[in-house]
Novice: 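Quick one: the structure is below, questions incoming.
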Amino acid sequence: LFFETAFWGSLFVAGYAFVEGRDRLGYAALASVAWVQLAAVIACPATGHHGFGAWWAGQMALCLGFVAVSTVASAISLRAAEPGPRSPR
């Protein structure tokens, strides 16, 4: 229940932020969606909910790709929002 609530709540925040044009918040929320999903994918067989299998390896590969892309996108959006170096006057 925790993972579902965190996943859907973060996904809602990401969608709302992107619709409102708040890209930094949107990318950060999207990265949190990916990390929550990764934790859920790891917890599923670790808690005995499902066993390990080929489907789990595929799910883990897709999840890791989602984590990598969303985290890099969040870092790029944060770096783009930082003010540049000031030139001496």
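Quantities reported herein were computed from a predicted structural model and do not represent experimental measurements.
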Novice: Find the distance between CD1 (Ile76) and CZ (Arg24) and round it off to the nearest 0.5 Å.
Specialist: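 The CD1 atom of Ile76 sits 14.5 Å away from the CZ atom of Arg24.
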Novice: What's the separation between atom OG1 in Thr71 and atom CH2 in Trp35, rounded to the nearest 0.5 Å?
Specialist: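 Result: 5.5 Å between the selected atoms.
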Novice: For Cys44, does its backbone N or O pair with a side-chain atom of Thr47 as donor and acceptor, under 3.5 Å?
Specialist: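 Between the backbone of Cys44 and the side chain of Thr47 there is a qualifying donor-acceptor contact (under 3.5 Å).
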Novice: Between Val67 and Val13, is there shared hydrophobic-cluster membership here, with clusters defined by ILVMFWY side-chain heavy atoms closer than 4.5 Å?
Specialist: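 No: no chain of side-chain contacts under 4.5 Å links Val67 to Val13.
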Novice: Quick one: are Phe66 and Leu30 in side-chain contact, heavy atoms under 4.5 Å?
Specialist: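 A side-chain contact under 4.5 Å exists here.
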Novice: Would Tyr16 end up clustered with Leu11 when hydrophobic side chains under 4.5 Å apart are linked, directly or stepwise?
Specialist: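 They do not share one cluster, since no chain of ILVMFWY contacts under 4.5 Å joins Tyr16 to Leu11.
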Novice: Phe2, Trp8: one ILVMFWY side-chain cluster at the under-4.5 Å cut-off?
Specialist: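 Yes; tracing contacts between hydrophobic side chains, which count when under 4.5 Å, links both residues.
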Novice: For Ala28 and Ser74, which heavy atoms make the closest approach, and how far apart are they?
Specialist: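 Looking at all heavy atoms of both residues, the closest pair is CA-OG, 3.7 Å.
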Novice: With hydrophobic residues grouped by side-chain heavy-atom distances under 4.5 Å, do Trp55 and Val41 end up in a single group?
Specialist: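 Linked within one cluster.
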Novice: Less than 4.5 Å apart, side chain to side chain, heavy atoms only: is that true for Leu38 and Met60?
Specialist: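 The answer is yes; the side chains approach within 4.5 Å.
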Novice: Under 6.0 Å from the CZ atom of Phe3, do we count more than 12 heavy atoms belonging to anything else shown?
Specialist: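 For Phe3, atom CZ is crowded (more than 12 foreign heavy atoms under 6.0 Å).
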Novice: Could you check if a side-chain atom of Tyr27 sits within less than 4.5 angstrom of a side-chain atom of Ser70, using non-hydrogen atoms only?
Specialist: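 Of all side-chain heavy-atom pairs linking Ser70 with Tyr27, none is under 4.5 Å.
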